[in-house]
Amino acid sequence: CDTPAYAHMPLREDAQGRGLAKRDGDTDLAARAKRCTREDILGMLAYSAGILPENRPVTMEALVGAFDWKNVKTEDMRLPPSFQCAARST
């Protein structure tokens, strides 16, 4: 039986240096979805992980084609204050 390969995701911090955590509601994508499109969220996550070179909206299909393990960041990353999407109208 082959040993599975594992990858460690580095710590993500907010603009003030606080580690992002589920217990603090930082993973509440439902709240973020009220302000962002699905493509906005995918782009932000892909950029923070190093998969995309800039923060921009992207489709899942485009991400699958762009993914390469060598681009995934291994160091902790502090998210800039501008790490947001535009407000959505309802």
Side-chain angles (χ1 to χ4, degrees):
C1 182
D2 293 332
T3 303
Y6 295 94
H8 168 73
M9 284 303 294
L11 178 67
R12 299 294 187 243
E13 301 173 337
D14 67 12
Q16 290 74 41
R18 182 185 58 82
L20 302 179
K22 290 187 287 187
R23 71 177 174 273
D24 297 327
D26 297 319
T27 59
D28 185 0
L29 291 180
R32 188 166 292 273
K34 292 177 183 174
R35 302 185 320 268
C36 308
T37 67
R38 178 181 317 185
E39 290 79 12
D40 288 330
I41 294 170
L42 287 173
M44 286 188 283
L45 293 173
Y47 171 70
S48 73
I51 299 166
L52 292 179
E54 71 277 335
N55 181 12
R56 63 175 171 81
V58 66
T59 65
M60 181 61 75
E61 294 79 14
L63 269 182
V64 169
F67 184 81
D68 189 329
W69 276 111
K70 71 179 182 193
N71 295 330
V72 177
K73 294 180 181 180
T74 58
E75 69 277 356
D76 294 346
M77 179 184 175
R78 182 172 291 182
L79 302 178
S82 62
F83 199 65
Q84 300 177 31
C85 56
R88 288 175 67 182
S89 59
T90 54

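Numbering starts at 1 and runs along the sequence shown.
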- Can you find a heavy atom in the side chain of L63 that is under 4.5 Å from one in the side chain of L52?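 Yes, side chains in contact.
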Closest heavy-atom pair and its distance - [X], [Y]:
X	Y	result
M44	N55	CG-OD1, 3.3 Å
V58	A62	CG2-CB, 3.6 Å
Y47	K73	O-NZ, 4.0 Å
C36	I41	CB-CG1, 3.9 Å

- Query: What distance separates D40 CG from R56 CZ, expressed to the nearest 0.5 Å?
  - Reply: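 Between D40 CG and R56 CZ, I get 12.0 Å after rounding to 0.5 Å.
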